[in-house]
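Taking it in order: structure first as structure tokens, then the write-up.
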Amino acid sequence: MKILFFLIVSAVIPINVVAQTKTDAKDIVEKTSQLYREWGGMEIAFVANISSVKNGTSESFEGTITMKGDKFVLKTPDMTTWFDGKTQWTYITRNNEVNVIEPSDKDLRFLNPMFLINDYKKDFNVSLIGESTSGNAKTAYDILLVPKKNDDFEKIEVQIEKSTFLPARLVATMRNDMRSSITIRQINRSNEADAVFLYPKEQYPDAEIIDLR
């Protein structure tokens, strides 16, 4: 499931202020990325919302994602996804089936917010658009990511707490009218064994495996 990111850029700002703001924004996002590398792994509990303005629809759900380097396990009420750095397995609960793929970097951006933060230099222009208060009542930076090239994303807004440099909220506006947000409820440091990120087929003996590689 595609999960992720919100806000608006200020209009008239002197050129020298814009240049400084962009530099500051890159420093902030880089500190978040560096923190993830130093920790080695994270476990995040979140609430996600996916909505469409055109259709007037909205869906919210809770989930967790456990990460270690490029590997992750994402759990939501409808599915569980394992990624070991190369292969991705997605177990769909209602169908009792597992889809197996080798995802591209673009695919992974929809599932793991740290892929976006770690790859921001390559794919996005970054600016600091202000400060706000996070859901944990902490002062936070509001960072805007705009794709350098034509992309599924129109813009992505990331709220990063000033005291910890941990992400607190991500909101993505898509070009297809979809808007996805992730509000992070809790982040803990973790160091899971590599086996955790492999599909545990013994737990799903009757599941149909659909290999799409």
Side-chain angles (χ1 to χ4, degrees), residues 1-5 29-50 59-120 122-123 135-136 156 158-161 164-170 172 180-213:
M1 180 174 291
K2 297 182 178 180
I3 11 180
L4 307 160
F5 331 101
V29 179
E30 182 58 34
K31 286 180 180 179
T32 301
S33 180
Q34 181 180 349
L35 182 64
Y36 178 63
R37 292 193 296 268
E38 289 176 353
W39 276 20
M42 289 181 179
E43 183 174 28
I44 299 176
F46 64 86
V47 177
N49 177 269
I50 301 174
E59 176 190 6
S60 295
F61 56 90
E62 297 182 1
T64 62
I65 182 168
T66 302
M67 303 174 289
K68 178 182 178 181
D70 291 340
K71 305 175 179 66
F72 67 87
V73 178
L74 172 65
K75 297 181 179 181
T76 71
D78 294 329
M79 63 185 65
T80 302
T81 298
W82 299 262
F83 179 65
D84 68 351
K86 179 183 179 182
T87 304
Q88 176 180 301
W89 300 264
T90 299
Y91 175 73
I92 303 171
T93 306
R94 66 179 180 275
N95 298 337
N96 193 29
E97 68 179 33
V98 181
N99 293 327
V100 186
I101 65 171
E102 290 186 0
S104 66
D105 289 346
K106 187 175 181 179
D107 295 329
L108 293 169
R109 293 189 313 178
F110 289 106
L111 294 173
N112 187 343
M114 293 310 299
F115 276 90
L116 281 167
I117 292 174
N118 288 335
D119 289 345
Y120 75 93
K122 180 177 67 176
D123 298 324
N136 296 324
I156 300 168
V158 185
Q159 189 183 52
I160 296 175
E161 292 182 353
T164 63
F165 288 100
L166 291 171
R169 188 166 185 254
L170 300 96
S180 303
S181 69
I182 298 174
T183 300
I184 295 174
R185 300 175 62 183
Q186 188 174 10
I187 298 182
N188 293 315
R189 192 169 185 169
S190 70
N191 184 24
E192 299 287 354
D194 289 346
V196 169
F197 306 98
L198 297 170
Y199 169 60
K201 57 184 179 181
E202 67 281 355
Q203 295 181 22
Y204 306 90
D206 300 323
E208 179 184 4
I209 297 179
I210 301 174
D211 197 330
L212 302 172
R213 290 174 290 183

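All values derive from a computational prediction rather than experimental measurement.
- The two atoms that bring Gly85 and Lys71 nearest to each other are N-CG, 4.0 Å, heavy atoms only.
- Checked options Ile210, Ile209, Leu212; the residue passing with Val100 is Ile209 (criterion: side-chain contact (heavy atoms from CB on, under 4.5 Å)).
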Run the numbers on Leu170 and Phe46 for side chain to side chain contact (heavy atoms under 4.5 Å, CB included), then give the verdict.
CA-CA 11 Å; Leu170 300 96; Phe46 64 86; over 6 Å; no
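- Between Thr93 and Asp78, the side chains place no donor N or O within less than 3.5 Å of an acceptor N or O (distance only, hydrogens not considered).
- Ser181 and Arg169 get closest at one heavy-atom pair: CB-NH2, 4.2 Å.
- The CG atom of Asn95 sits 9.0 Å away from atom CD of Glu208, with the distance rounded to the nearest 0.5 Å.
- Considering NZ of Lys75 and CD1 of Ile65, their distance stands at 12.0 Å, rounded to 0.5 Å.
- The CD atom of Glu43 lies 14.5 Å from the CZ atom of Arg189; values are rounded to the nearest 0.5 Å.
- Listed by chain and residue number, Glu62, Arg185 satisfy the side-chain contact (heavy atoms from CB on, under 4.5 Å) test with Val47 (two or more places apart in sequence, or in another chain).
- Counting heavy atoms from C-beta on, the side chains of Lys31 and Ile160 never come closer than 4.5 Å.
- The closest side-chain heavy-atom distance from Ile184 to Asn136 is not below 4.5 Å.
- Within the model, atoms CD of Gln88 and CG of Leu74 stand 9.0 Å from one another, a figure rounded to the nearest 0.5 Å.
- Taken to the nearest 0.5 Å, the CD atom of Gln159 stands 13.0 Å off from the CD1 atom of Ile182.
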Under 3.5 Å, sequence neighbours excluded: what are the donor-acceptor pairs made by side chains of residues 192-207?
residue	atom	partner	partner atom	Å
Asp194	OD1	Lys68	NZ	3.0

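- Pairs engaging residues 81-98 under the salt bridge (Lys or Arg N to Asp or Glu O under 4.0 Å) rule: none recorded [sequence neighbours left out].
- Side chains of Asn99 and Tyr91: no donor on one and acceptor on the other come within 3.5 Å.
- Summarising the geometry, atom CH2 belonging to Trp82 is positioned 11.5 Å from atom CZ belonging to Phe72; distances are rounded to the nearest 0.5 Å.
- In this structure, Thr32 contributes its side chain and Phe165 its backbone to a donor-acceptor pair below 3.5 Å.
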